[in-house]
Amino acid sequence: MAIDLKYWRNIGICAHIDAGKTTTTERVLFYTGMIHKPGDIDDGTTVTDYLKEERERGITIVSAAVSTFWDDPISKVKHGINLIDTPGHVDFTAEVERSLRVLDGAVVVFDGKEGVEAQSETVWRQANKYKVPRIAFINKMDKIGASFKKSVDSMIKRLGTNPVPVQLPWGEEVEFKGVIDLIDMKAHSFEGQDGKEVVVHPIPADMLEDAQFARQHMIEKCGDVDDAIAELVIEDKMEKVTPEMIRAALRKGAISFKLVPVVCGSAYRYKAVQDMINAVVWYLPSPLDMPPVEAKDPKDPDNPEIVKLTCDPKGPLALMAFKTVTDEHGDLTYLRIYSGTLEQGATLYNARIKRRERVTRLFRMFANEREVLPTAIAGDIVAAVGLGNTVTGDTLCNEDRPLVLGAITFPATVISMSIEPKTNADREKLSYALQKMMKDDPTFKVKLDAETQQTVISGMGELHLDIIRSRILNEFRVEAVVGQPRVAYRELPALKVGQPVETEGLHKKQSGGAGSYGHCKIRWEMLGDDKWDQVEFEDDTVGGSIPRQFIKNVEEGVRDTALSGGKANYPVMGFKAAVYDGSYHDVDSKDFAYRDAARIAFRTLLDEVGTDILEPVMKVEVRVPEEFVGPIVGDLNSRRARIEGMEPDNDIRIIQAVAPLSEMFGYVQAIRGLSQGRANYSMEPYRYEKTPPHIKEKIMTERAGPQRRK
């Protein structure tokens, strides 16, 4: 179906876990006619939660893409919507990250009772990072304790944003009947089977004053982004502001990030989802509304040309692979087309690996179902088969016009466990399974522990690793023995702030025959505690003391040695290395010699200053009834948690804390026992911090086995 680009919307549905993302997506597909009967999470019949693990656990694990269509009720123009339903659990935040990287807009769903929750903040930060315009949908307005005002206020307080309600709820909790449209000043109820019939009513008399006040507030906010409305506000002629002017201003404000339109409803009860779809069409951008995307010409890596790509089907071809999926019918690569036209059978150039790849088949996706496409143009999101060497974040283009789009960044893993095949026959199957899952999931890592010779898998949390384990055993049918989860500790050179240490490394072998020579002097400094999961490198050499081509080998030597482990055999982070001097030999200088020289300089540093142990700490948010606050706080204190804030919210208390991951294993059982099952919590990675001396001593003792060969 050919639809003009200005009528396409590429959006994501994002939220905290259990806010109602998948149910909302299901209702969107139902009302747009893509499915005849809405599925149910509890029954395991939803379209976008199609994996066995998702249906058994009742949660979204991977993002799923669907395409649908909607007629604008005002213009009657058909719009196309590419929609991605994203996970809400923090362990799968990478799925949200890579989806937002390629989307033009987002619907952020909030629980009408809880308002902004911990993962809501994470999603909002990710949308800010990738400059994604968004609208807010306050869901579950029928839930006991739901409060539209409280939810909107929490957006201001916790997200620092500028929400502009364009609706009010018509009643709340069990009295929730529908919504009050502040633009047309009408009430909407949703009647008939599954709320398909939108019935328009006059605004009830007992709500008219509140609606008039809210409309005035909305128009004043629109005046902040539209001069014509601002002039009418100043002249006290608000009655002359038309609905068309308001919608245009809301759209302009959303796309410029100056305001966030807010709608409300109850997806589960089939109320007001149609109005939310209208808001997507009216207020979120088309691909043509987005600013040009910057790409680099990789021909000159030291001084790459910056190319600005507009959404032009006739422009140079530039695609981003943002997701890969292992599939029995052919591995899929999901693509966002930023420029140009992609045809089935086309040969593409992968700028990262400098190899050609051929698109054997091209699809529009409907979760795990596929519709064959002959071509796709700039602004579209599609999937392809045949790109076997392409991974998440790769740019695909034409070989005669190579381009590289900005990469997608993912957080570091914080938890690991060992996994070993039970038999030799399972060894190859395990290796295949791990390689496939690593390709599909950028936050899943595999390495061989040189000390124990065990295969160690790492991920974002206990649930993440539990699902990986389950897939290995059930989906790939590998008999394996899995160890207990372990924290991914790091080490930090025990440097003093503002007191750099200098060391040097010399590799010299000139005892007959071809020799090898590398020599470098490196200055080491500690980074700020907000960068303790990073390593920085600088070239401060002058006068060619080390030839330019060998500087990168010095950097490789530093980074590789840091990853190989420090005094406790954990990766070393949190420092800056600046190579400031060295020497070379006209004949014997070699790249490997400079890598080895850097290794020697690094080991010398660790021998001189030693290391501290860093542990991942988590942001923890606990929502607990008032009568259980004491036991919960006491338990958190026993887990070395720092209580950073407590605020009342009706009859519950929201506790915000920072706690070491190592102390939070099994917390779900503890919190249930302490609150008679009435408290809940969420947790997300925060940063790395130094362990207390007694914890460091314990870890060092445990790791004091056979030392890894350096």
Side-chain angles (χ1 to χ4, degrees), residues 87 89-98 100-101 118-119 121-123 125-126 129-130 322 391-393 406-419 434 437-449 455-468 485-493 526-537 555-556 558-566 568-577 611-620 658-665 682-691 699 703:
H89 196 285
V90 66
D91 283 17
F92 312 109
T93 189
E95 290 286 331
V96 185
E97 187 89 18
R98 60 183 173 185
L100 288 173
R101 171 64 178 82
Q119 189 66 4
E121 295 184 64
T122 302
V123 167
R125 286 197 303 269
Q126 289 171 307
K129 175 181 175 181
Y130 293 113
F322 67 94
V391 299
T392 298
I408 309 174
T409 57
F410 298 102
T413 58
V414 296
I415 189 172
S416 62
M417 65 185 183
S418 62
I419 184 165
L434 295 178
M437 287 189 290
M438 260 205 304
K439 182 184 177 185
D440 293 352
D441 183 352
T443 59
F444 174 59
K445 305 295 182 186
V446 180
K447 71 174 183 177
L448 179 69
D449 190 313
T455 299
V456 177
I457 59 175
S458 302
M460 299 305 300
E462 286 185 272
L463 179 60
H464 188 196
L465 288 188
D466 185 46
I467 286 170
I468 293 289
R486 299 182 300 184
V487 173
Y489 291 105
R490 301 283 186 265
E491 292 185 68
L492 175 77
M526 183 188 291
L527 294 175
D529 58 10
D530 59 331
K531 295 183 177 181
W532 280 356
D533 59 346
Q534 300 175 29
V535 172
E536 293 182 1
F537 182 85
E555 180 176 2
E556 288 169 0
V558 169
R559 293 187 182 277
D560 290 348
T561 310
L563 284 175
S564 71
N569 292 336
Y570 290 114
V572 185
M573 305 269 183
F575 66 88
K576 181 173 82 171
T611 60
D612 290 312
I613 301 292
L614 298 175
E615 62 181 346
V617 298
M618 313 295 283
K619 268 190 175 180
V620 183
V658 172
L661 174 62
S662 61
E663 304 285 352
M664 299 302 289
F665 288 150
S682 58
M683 189 166 66
E684 64 173 309
Y686 177 42
R687 64 178 189 174
Y688 274 86
E689 294 184 357
K690 287 183 186 179
T691 58
I699 293 170
R703 300 288 287 187

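Since this is a predicted model, take the numbers as computed values, not measurements.
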May I have the step-by-step check of side-chain contact (heavy atoms from CB on, under 4.5 Å) for Ile468 and Ile419, ending in yes or no? CA-CA 11 Å; Ile468 293 289; Ile419 184 165; over 6 Å; no

Atom pairs and distances, side-chain donor-acceptor, residues 457-465, under 3.5 Å, sequence neighbours left out:
unit_1: His464; atom_1: ND1; unit_2: Met460; atom_2: N; d: 2.9
unit_1: His464; atom_1: NE2; unit_2: Asp441; atom_2: OD2; d: 2.7

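- A heavy-atom distance below 4.5 Å is not found between the side chains of Val620 and Tyr686.
- Ile467 has its side chain out of reach of Asp91: every pair of non-hydrogen atoms, C-beta onward, lies at least 4.5 Å apart.
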Run the side-chain contact (heavy atoms from CB on, under 4.5 Å) check on Lys619 and Glu121 step by step: do they pass? CA-CA 11 Å; Lys619 268 190 175 180; Glu121 295 184 64; 5.6 Å; no

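- Partners of Ser416 according to the side chain to side chain donor-acceptor pair (under 3.5 Å) rule, which considers only residues two or more places apart in sequence or in another chain, do not exist here.
- Within the 4.5 Å cutoff, no side-chain heavy atoms of Trp532 are placed close to those of Met573.
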For the pair Asp533 and Arg490, evaluate salt bridge (Lys or Arg N to Asp or Glu O under 4.0 Å) and give the outcome as yes or no after the intermediate values. CA-CA 8 Å; Asp533 59 346; Arg490 301 283 186 265; over 6 Å; no

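- Looking only at side-chain heavy atoms (C-beta outward), Phe537 and Arg559 come within less than 4.5 Å of each other.
- In this model, no donor atom of one side chain and acceptor atom of the other lie less than 3.5 Å apart for Glu97 and Thr443.
- Residues Phe410 and Thr392 meet the side-chain proximity criterion, which asks for heavy atoms closer than 4.5 Å.
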Val558/Phe575 under side-chain contact (heavy atoms from CB on, under 4.5 Å): CA gap, chis, key distance, verdict: CA-CA 11 Å; Val558 169; Phe575 66 88; 3.8 Å; yes

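- Counting only N and O atoms by type, the side chains of Thr122 and Glu684 include a donor and acceptor under 3.5 Å apart.
- With sequence neighbours excluded, the residues that form a side-chain contact (heavy atoms from CB on, under 4.5 Å) with Lys439 are Thr324, Val391.
- Smallest separation of non-hydrogen atoms from Leu614 and Lys690: CD2-N, 3.8 Å.
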